[in-house]
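Scroll down for the structure; my scribbles are underneath it.
In this chain, residues are counted from 1 in sequence order. Ligands are counted one by one from 1 in listed order, and the atoms in each one are counted from 1 as well.
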Amino acid sequence: MKTNTFLGRDFLSEVDYTREEIDTILDVAQDLKRRRAIGEAHNHILPGKTLFMIFYNQSLRTRNSFEAGMTQLGGHAHYLDPSKIYTPALEGQEKAYATERVSDVARTLSRMGDAIAIRCYGDPVGWTYGGAHAMMREFARWADIPVINMECDKYHPCQGLADILTVKEKFGSFKGVKFVMSWAYSPSIEKPRAVPQSAILYATMMGMEVTLAHPKGMELDDEVLAQCQAYSAKYGGSFKVEYDFDQALKGAHVVYPKSWTAVPTFAPPIGTRDDKKSEAIFAANKDWICNADRMKLADRDAIYMHCLPCDRGFEVTNDVIDGPQSVVFDQAENRLHVQKAVMSLIMR
Ligand code: CP
């Protein structure tokens with residue numbers, strides 16, 4: 001009898017999993033975190049298993065947490081640089097002896113290992129919104145082993161898991177927690193939308209009181225916003241969009257300000273591939289920085305969150321990110337525990 005309903009499944013987006021399943025992943029993550037804290041070996045969970053990791057974009061936390069996680073579970077994580085293999089490409093985007101069709105890469109790696117993890121957003125898909133996520137779905141269509149999203153242009157489901165685990169640890173539960181996901185200024189206009197979209201999806205799925213704050217021009221995916229409304233109706237929280245940073249922060253328990261790209265940077269039909277327009281929107285909103293005065297607008301016991309890396313002096317001041325309300329390194333550590341939970345559940 002198959003008792004683990006996770007076994008063999010892909011982990012491409014939180015929307016593919018039920019609230020109960022996400023609760024199970026969090027439970028397993030907390031158990032693995034406890035075992036590591038007391039030095040209890042758990043390398044019997046994935047012995048001899050291999051995770052292939054394909055990174056089209058840079059990473060510190062994601063690469064190292066997956067790699068360390070596989071070692072701790074008894075397996076091995078193998079790093080693949082798309083420019084050093086034949087770059088996996090979709091049909092119609094192939095170049096002779098430089099690329100290899102995604103369907104062929106997926107089937108080849110399926111014969112050798114136990115899961116494929118992919119990070120892809122932005123330039124590698126010409127800023128075509130959803131293009132990277134579609135490529136991951138194509139990998140999943142052809143692979144006989146689970147495919148894990150390590151951040152695409154729509155979702156960062158592993159970061160979102162780490163975020164809600166951190167909130168659960170700090171507040172004990174999600175009920176009544178006011179969660180504010182806000183845009184913040186950065187000198188780079190090229191950050192994807194995946195982190196804020198996953199953050200608000202998970203927060204509404206957990207039934208928190210959720211506010212999304214951003215200047216005009218930084219709108220997120222309508223489909224994601226509609227899903228957040230549906231989750232908040234189903235799970236008893238609330239969801240609203242606010243265009244005033246200070247107003248949004250009033251009474252917040254979770255303050256999560258980070259930058260993401262403006263709509264014009266995307267290729268049509270979402271945007272116009274006009275970086276000058278995006279730069280103008282960014283320049284007009286340089287005052288969207290999280291500083292000590294802004295933190296005073298939030299609840300006295302509020303926590304400051306950021307997925308990292310952050311642009312210090314632009315998204316946040318040093319005194320806030322290095323101060324007592326900051327939980328950014330708990331978030332970073334929790335990447336390890338939640339990903340180990342996901343891998344333990346889907347790969348065994
Ligand atoms: N938060 C996050 O995904 O970090 P990296 O880009 O370093 O992987």
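- Within the structure, the ring-ring contact (aromatic ring centres under 6.0 Å, His included) test picks out the following pairs touching residues 67-93 (sequence neighbours left out): F55-Y79, H76-H78, Y86-Y97.
- Between the side chains of K340 and Q72, at least one donor N or O sits under 3.5 Å from an acceptor N or O.
- Remark: Y304 pairs with no residue by the ring pair (Phe, Tyr, Trp, His ring centres under 6.0 Å) rule, at least two apart or across chains.
- For the residue pair N291 / T317, no side-chain donor-acceptor distance below 3.5 Å is found, with atom types taken as modelled.
- In this structure the side chain of I303 never reaches within 4.5 angstrom of the side chain of H253, judged on heavy atoms.
- Closer than 4.0 angstrom to ligand 1 by heavy atom are S59, L60, R61, T62, R119, H156, Q159, C307, L308, R335, sorted by chain and number.
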For residues 207-215, which side-chain N or O atoms pair as donor and acceptor with protein atoms under 3.5 Å away, sequence neighbours left out?
residue : atom : partner : partner atom : Å
E209    : OE1  : S238    : OG           : 2.6

